[in-house]
Structure formats: structure tokens, C-alpha cells
Amino acid sequence: MSFRLTPLQRRSIFLCLMAAPAAIHVAVFALYPILRGMGFSLFQMNLMQPWIHHFVGLRNYTDALTDPTVRRSLVVTIIFTVGCVAAELVCGLCLALLLWRDSAFNRFATTLMLVPITVTPIVVGLIFRALLDPSFGLIGYWLLQAGLAPPQGLLGDTHTALATMMGIDVWEWTPLVALILLAALKALPADILDAAEIDGAGGTRRLTRIILPMLLPSLFLVLALRFTDVFRTYDIVFAATAGGPGDSTNLLMLLAAKEGLTFFDIGYGSAISILMTLCIVLMVALLIVTLRSLDRRMNQA
Amino acid sequence: MSRRLSRPTLVAQRSAVIIALVVFLAPVLWLALTAYEPSRAIQSTPPLPWFVPGLANFVIIAQQFDLAKLTLGSAVISAGSTLLSLLLGIPCGYALARARHRGAIILAYVFLAIRGVPTVVTLIPFYLFMRQIHLLGTWWAVILMNATLSTAFVAWMMYTAFRTVPTEIEDAAIVDGCGGFGAFWRVALPLVRTSVVASALLCMMFAWNDYLNPAFLTRAETRPLSVALLTAFGGPTTSSWGTLGAMAHISTIPIILVALVLNRFLVAGLIRGVH
């Protein structure tokens with residue numbers, strides 16, 4: 001042994017070795033497919049007609065951006081994502097505040113809240129499709145009788161399908177948001193909360209001036225988690241409406257899956273997917289910037 | 001908060017929680033009940049307020065499906081994905097939390113970004129890739145696919161968890177001759193075990209319930225329960241809610257049990273992951 005490593009060098013080599021397997025796995029099974037997908041998006045290719053394989057440059061992208069179906073789908077996806085995330089955040093926060101006080105009753109209720117999260121999303125979509133059915137659904141039939149739902153049912157009418165689908169997503173994911181926020185609430189330092197109460201700050205003031213600013217890191221985690229997940233929703237919509245009626249719930253993810261995995265139009269499907277990725281990166285970047293400035297303003301005040 | 005609430009506030013809080021519980025549990029309960037209901041009763045107009053329970057739906061799915069094999073498929077896929085993600089993600093999260101190099105932060109953000117990429121983007125090329133290396137249709141294909149998403153998630157969770165462990169304890173262990181790996185394995189890891197359980201639980205739930213990946217990457221013999229659920233339900237015209245309900249029993253009960261048993265860890269682990 002003619003050379004010896006310093007402890008610091010040995011430490012860095014050790015940390016690199018610890019990170020390497022995960023980095024290699026992600027590079028091979030995620031980055032490589034994504035890069036290949038970017039490559040596919042520049043070709044006209046279809047697995048059903050393997051003899052067609054031309055380089056078309058950015059034509060798949062210009063086609064997608066001028067395709068009215070894609071545009072409608074983009075609008076639907078944005079309404080769905082923003083609406084669902086906002087509603088889940090508000091409902092989840094209310095639920096977390098309701099369950100905050102530690103008692104046997106609240107602990108029991110928190111445990112039961114886990115149930116919707118564990119139900120397979122495909123099944124969630126189907127449950128609501130049945131419950132809302134205008135002829136035999138327990139909710140749908142009576143809503144129709146009361147004149148509160150269109151004759152095709154809430155999921156069968158182009159005007160109500162999207163809002164109803166959003167309601168279903170909110171039903172499924174509010175408990176997870178509530179659980180994360182509840183965990184964060186329970187970790188808040190009690191002395192600051194007590195001090196605020198002794199100072200005589202009212203309920204709303206305490207919430208907006210003290211609790212919410214301290215919750216910002218977990219609100220960010222929830223927002224980032226839900227934004228990325230809602231944007232690529234597939235299972236529940238596929239099971240409940242399969243994108244219909246018309247295009248009213250045809251999210252981009254369903255569209256891309258239909259083009260790429262059902263019609264095997266790989267080039268076009270990949271182009272739509274890459275556009276989706278750009279959208280989500282943009283949205284999360286916007287979210288980070290907004291929350292940073294909000295954090296600065298709230299913690300200055 | 002441990003202050004005592006006034007009686008009216010307490011009543012209001014409890015009734016609000018009970019209403020929320022009804023909203024969140026009733027649909028699941030409805031599906032559970034349909035499993036014992038004859039299909040004609042489920043689809044009657046107007047909906048019947050009651051029915052004579054029977055086990056016909058369970059008999060039908062037991063005849064139509066190889067339930068043991070489907071359950072095995074789900075178990076292998078979710079256990080395999082979870083183990084692989086933990087094996088890859090935990091050491092990586094540790095390295096990210098301890099490294100002082102700028103590359104570590106970049107790697108952490110790459111992992112977060114990977115989670116945000118829609119599955120279809122990777123699924124099409126991944127499908128062709130698996131076909132090339134002759135893994136298409138095997139459990140490996142689904143496990144490798146799930147593990148990419150979950151590894152990124154575990155690495156991120158553990159990165160935030162390990163940052164809450166003070167480095168002084170580990171430094172002391174290294175001075176005592178524990179070695180770098182010993183400090184990680186015997187000192188740091190036991191301190192974040194709630195986060196390990198929480199991320200394992202979330203990985204497992206994701207893999208057990210996912211439909212899209214196994215639907216495209218498995219074949220008839222390797223299919224998991226989540227894919228069979230849709231087959232049990234039938235097409236859009238021949239819908240059978242009863243058999244779906246029966247099938248959902250088999251696919252949901254194990255995961256609910258695991259979640260209820262590990263519930264304490266889930267909340268405790270999330271607290272750590274958040275701060």
C-alpha cells in the first residue's frame with residue numbers, strides 16, 4: 001500500500017457508494033426510458049404498422065398543439081388539477097383542525113380515515129359510477145327523483161361530469177391530506193400556541209397569523225405531492241367515465257394512454273406525454289416560487 | 001392541544017367528525033355489502049332498501065378466477081417493489097442527507113422530478129425496453145417499474161428524516177471504531193425506523209393498488225388482483241357489481257389490515273418526513 005486515503009476522502013467515497021445503486025437504477029429504468037420517449041416523439045411510428053418509421057422533427061408537437069382534442073383535454077386537466085388540489089387542501093385542513101385535539105375519539109376517527117386511501121382507485125371510480133347511476137344508484141336515483149340531477153345522471157351529462165369527477169377525487173384524497181397536515185399540527189411547538197392564546201389572539205387570527213405560517217413546509221409537501229399526482233390521474237377517471245361523456249372528463253393522461261398504449265401511436269403519444277411533463281415542471285416551479293415569496297412575507301410580518 | 005373544550009364545542013366537533021366519517025366510509029361499506037347481494041337486486045329501479053344476503057358472488061369469482069394465483073401476483077409485486085425501493089432508497093436518502101456536495105442537492109431534486117413525470121411518458125419506452133430484454137410479462141417488469149417511482153419517493157422521505165438525526169451521535173460512533181456503514185446501520189437507521197415503516201407502507205399501498213403499470217406489463221399468468229378487479233366487473237355493458245364487490249373484499253381487506261396495524265407508524269413517520 002503506497003497511498004492512504006484521508007478520512008474525509010473515505011467518507012465521500014462511502015457516501016457515493018451508498019447513493020450509487022439508487023442513482024443507477026433511476027438512470028437505467030427512468031431516465032433512459034424518458035430520453036427514449038423524447039426520441040420517439042420526433043418520429044412517426046406505430047407499433048401496429050412497424051414498417052412506418054420516419055423522422056418528422058417537431059411535427060408531432062405542432063400536431064398536438066393544434067389538435068382541438070388535445071387543447072380541450074389540456075383545459076379539462078388544468079381545471080381538474082387546480083380544483084381538486086384546492087378543494088383537497090381546504091377540506092383536508094378543516095378535517096385536520098377538527099381532529100387536532102388528542103382524545104380517544106379523535107384517535108379512533110383518524111384510524112378510520114385511512115380506509116378510503118387504501119381502496120384501489122379503480123374500485124373508487126366504479127363505486128361512484130354505481131352510486132350515481134340514475135336508474136339503480138342509491139344516490140343517483142334519488143337525486144334524479146328530486147330533480148337535482150340530469151336524466152343521464154351526474155356522470156353522464158357533459159355539464160356535470162367534470163365537477164362530479166372532481167368530487168370523487170376529493171373524496172378519495174382528502175383523508176391523506178388531512179393525515180399529513182394533522183401530523184404537522186401535532187408537531188407544532190405548544191409554547192408558541194399557548195402564548196398566542198394568553199395574548200388573547202382570536203381563533204381566526206391564531207389560524208392565519210400563527211398556525212398557517214408554521215405549517216408552510218407541510219403545506220408545500222402536500223401541494224407538491226397532490227399537484228403531481230392529480231395531474232397524472234388515470235385510474236379513477238378511467239373506471240368512472242373513461243373520459244366521457246364526449247370529451248368532458250378526457251384528461252391528458254387518458255388521452256396519452258389511449259394514443260400510445262391502445263392505438264400504439266408511439267410518436268404522437270410520446271409527444272403528448274412530454275408536453276404534459278413540461279406542464280407539470282412549470283406548475284411545480286411556479287408553486288415553489290409562490291410559496292418562497294409567501295414564506296418570506298409571512299415570516300417578516 | 002390538551003385544553004378542555006366547552007360542552008357545546010365538543011358536541012359540534014364530534015358531530016362534524018361523525019358526518020365526515022359517514023361521508024368517507026359509506027361508499028366503501030356500500031360496495032362491501034353488494035358482495036352479498038344478488039345482481040338482480042343491485043340493479044333494480046328504484047334501489048331496494050334491503051335484500052336477502054347470499055354468497056353467490058363469492059362462488060362465481062372463485063370459479064372464474066384463480067384467486068390464489070392473483071393474490072400471489074399482488075403479494076409478489078408489492079413486496080418486491082417495496083423491498084427493492086427500500087434497499088435502494090434508504091442508503092441513498094442517507095447519503096443525500098450527509099453529503100455536503102452540491103451534487104447531492106441536484107440528485108435530490110432529480111428524484112423529486114422523476115416522481116412528477118406522468119407514468120405514460122416512461123411506460124411506452126419501458127414496455128419496449130422490457131420486451132427487448134425479455135422481461136415483458138414477468139413480475140420483474142412491474143417491480144422494476146414501480147421501484148423507479150418508489151425509490152425516488154423513499155429517497156426523498158429518508159433524506160428529510162435523516163436530516164433530523166444529529167450527526168454528533170454518528171461521529172462518536174465512527175470514532176469508537178464503528179465505521180461509516182456501522183454508524184448508518186446501527187446508529188442512524190434505528191432512530192428513523194418510523195419513517196422507514198411509513199414509506200414502506202405507502203410504497204406497498206401504491207404497488208398493491210396500481211392498475212396501469214401491471215395492466216400493460218403483465219400477462220395472464222402474472223396478473224395481480226388490481227387488474228383482475230376490472231375483469232371481475234366485466235365490460236361497460238355486462239357490469240356486475242356483485243362480483244366486483246366480492247373481488248374488492250379480497251383485494252382490499254389485506255391492505256386495510258396492514259394499514260390499521262401500522263397506522264401509528266404512518267402518522268409518526270409523516271411527522272418526521274414533514275419537518
Side chain, backbone, both or neither of [X] within contact of chain A (heavy atoms, under 4.5 Å):
X	value
B:Thr122	both
B:Leu31	side chain
B:Val258	neither
B:Leu149	side chain
B:Phe126	both
B:Leu84	side chain
B:Met130	side chain
B:Ala155	neither

Interatomic spacing from [atom1] in [X] to [atom2] in [Y] - rounded to 0.5 Å:
X	Y	atom1	atom2	result
B:Leu88	A:His25	CG	NE2	6.0 Å
A:Thr118	B:Ile256	OG1	CD1	4.0 Å
B:Leu10	A:Ser103	CG	OG	7.5 Å
A:Ile139	B:Trp30	CD1	CH2	9.5 Å
B:Leu212	A:Met253	CG	CE	5.5 Å
A:Glu259	B:Ile124	CD	CD1	9.5 Å

Out of [options], return the one with the most heavy atom pairs under 4.5 angstrom to chain A.
options	value
B:Trp208, B:Phe111, B:Tyr127	B:Phe111
B:Ala104, B:Ala16, B:Gly180	B:Gly180
B:Leu144, B:Val154, B:Val28	B:Leu144
B:Ala152, B:Ala147, B:Gly89, B:Gly93	B:Ala147
B:Leu96, B:Leu87, B:Leu123, B:Leu128	B:Leu128

- request: Decide if atom CZ of A:Phe105 counts as having more than 12 heavy atoms of other residues, nucleotides or ligands within a radius under 6.0 Å.
  value: yes
Under 4.5 Å from any heavy atom of chain B - which part of [X]:
X	answer
A:Asn106	side chain
A:Phe40	side chain
A:Leu98	both
A:Tyr32	side chain
A:Val123	side chain
A:Leu114	side chain
A:Leu112	both
A:Phe227	neither
A:Leu95	side chain
A:Ile117	both

Heavy-atom pairs under 4.5 Å with chain B, option from [options] with the top count:
options	answer
A:Leu99, A:Val119, A:Val281, A:Thr228	A:Val119
A:Phe14, A:Phe238, A:Trp171	A:Trp171
A:Ile272, A:Ile280, A:Val26, A:Asp133	A:Val26
A:Phe231, A:Tyr234, A:Phe29	A:Phe29
A:Val115, A:Thr111, A:Leu126	A:Leu126
A:Thr174, A:Ile274, A:Asp235	A:Asp235

- line: With sequence neighbours left out, the residues meeting side chain to side chain contact (heavy atoms under 4.5 Å, CB included) with B:Phe184 are A:Met18, B:Ile90, B:Tyr94, B:Phe162, B:Phe181, B:Leu189
query: Is any side-chain heavy atom of B:Gln13 less than 4.5 Å from a side-chain heavy atom of A:Arg101?
result: no
query: Would you say A:Pro175 and B:Phe24 make side-chain contact, with heavy atoms under 4.5 Å?
result: yes
Shortest non-hydrogen contact from [X] toward [Y]:
X	Y	result
A:Pro33	B:Pro125	O-CG, 3.1 Å
B:Pro27	A:Ile127	O-CG2, 3.7 Å
A:Val28	B:Phe129	O-CE2, 3.9 Å
A:Ala109	B:Val17	CB-CG1, 3.6 Å

- request: Apply side-chain contact (heavy atoms from CB on, under 4.5 Å) to the pair B:Leu25 and A:Met113, showing each step before the final yes or no.
  value: CA-CA 8 Å; B:Leu25 295 180; A:Met113 287 291 167; over 6 Å; no
- request: Give every residue pair that meets the side-chain hydrogen bond (donor to acceptor under 3.5 Å, both in side chains) criterion with at least one member in residues 20-29 of chain B, sequence neighbours excluded.
  value: none
